[in-house]
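Values reported hereafter were calculated over all heavy atoms of this structure, with side chains retained and with hydrogens, waters and symmetry mates removed.
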Amino acid sequence: QVQLVESGGGVVQAGDSLRLSCAPSGRTFSSFGLGWFRQAPGKEREAVGAISLSGGNTYYADSVKGRSTISRDNAKNTVYLQINSLKPEDTAVYYCAARRRVCSGLGCFDQRLYNDWGQGTQVTVSS
């Protein structure tokens, strides 16, 4: 089991950029694929994006495609989610999650693939 810790959330204004980080506690996750998810108040948790074990493949939800980048630095044992041009509708708790199973494309957005989840970090975008 991997304990994940997200950081980097906060209150920002619409149009700003934010970079979230996720790191495991006490274990390397170079052998795991990773995903980012978010849950807005009153809504179900949804996928934001995912990255492969090597970092060579990334996938993004339509809601953030074109203004987000997911990357990982296995040497630093950290995965990042950068979102630019933030909108009020991006307001949510953001979670990172780790999976052991291989996936591709939209299949990586299936939350059932993910075994370990962080506690989340709040992102609030004011208009």
Side-chain angles (χ1 to χ4, degrees):
Q1 191 172 6
V2 179
Q3 290 184 320
L4 303 172
V5 180
E6 303 95 338
S7 61
V11 180
V12 297
Q13 292 189 335
D16 286 351
S17 299
L18 201 64
R19 189 175 79 160
L20 306 180
S21 301
C22 173
S25 174
R27 185 171 178 179
T28 179
F29 60 20
S30 59
S31 58
F32 296 90
L34 295 149
W36 283 98
F37 298 82
R38 68 185 183 186
Q39 186 166 23
K43 295 187 177 181
E44 294 186 354
R45 189 166 59 191
E46 64 176 7
V48 177
I51 189 166
S52 62
L53 186 153
S54 68
N57 294 302
T58 52
Y59 311 99
Y60 299 95
D62 289 342
S63 58
V64 299
K65 192 176 295 181
R67 58 188 183 95
S68 293
T69 302
I70 297 175
S71 60
R72 66 188 296 167
D73 186 336
N74 286 341
K76 294 184 178 180
N77 217 24
T78 304
V79 64
Y80 305 98
L81 169 66
Q82 169 104 17
I83 307 180
N84 302 319
S85 302
L86 282 158
K87 307 173 184 179
E89 49 264 44
D90 292 319
T91 295
V93 177
Y94 284 72
Y95 301 90
C96 69
R99 67 179 187 276
R100 295 161 184 76
R101 296 176 61 180
V102 175
C103 62
S104 64
L106 295 179
C108 296
F109 295 169
D110 185 345
Q111 297 183 38
R112 295 171 297 178
L113 293 178
Y114 294 84
N115 307 94
D116 304 294
W117 294 78
Q119 293 300 307
T121 185
Q122 176 70 47
V123 173
T124 302
V125 184
S126 61
S127 57

**Message:** Counting C-beta onward and ignoring hydrogens, is there a side-chain heavy-atom pair between Arg38 and Val64 closer than 4.5 Å?
**Reply:** yes
**Prompt:** Once you round to the nearest 0.5 Å, how far does CG of Asp116 lie from OG of Ser25?
**Reply:** 12.0 Å
**Message:** Tell me which pairs pass disulfide (SG to SG under 2.5 Å) where either residue lies in residues 19-80, with sequence neighbours left out.
**Reply:** Cys22-Cys96
**Set of residues satisfying side chain to side chain contact (heavy atoms under 4.5 Å, CB included) with respect to Asn115, sequence neighbours excluded** = Arg100
**Fill in**
CD of Gln111 to CZ of Arg99, rounded to nearest 0.5 Å, is 13.0 Å
**Prompt:** In chain order, what residues pass the side chain to side chain contact (heavy atoms under 4.5 Å, CB included) check against Val93, with sequence neighbours excluded?
**Reply:** Tyr95, Gln122
**Pairs flagged by ring pair (Phe, Tyr, Trp, His ring centres under 6.0 Å) wherever residues 36-68 is involved - sequence neighbours left out** = Phe37-Tyr114, Phe37-Trp117
**Minimum heavy-atom distance Ala50-Phe109, with the two atoms named** = N-CE2, 4.1 Å
**Fill in**
residues 4-23 vs side chain to side chain donor-acceptor pair (under 3.5 Å), sequence neighbours excluded, gives Ser17-Asn84
**Minimal non-hydrogen separation, Ser104 against Cys108, with atom names** = N-SG, 3.3 Å
**Message:** Run the side chain to side chain contact (heavy atoms under 4.5 Å, CB included) test against Lys43 and tell me which residues pass, sequence neighbours left out.
**Reply:** Ala40
**Prompt:** Has Gln119 got more than 12 heavy atoms of other residues, nucleotides or ligands less than 6.0 Å from its CD?
**Reply:** no
**Prompt:** Is it true that Lys87 and Asp90 have a side-chain N and a carboxylate O under 4.0 angstrom from each other?
**Reply:** no
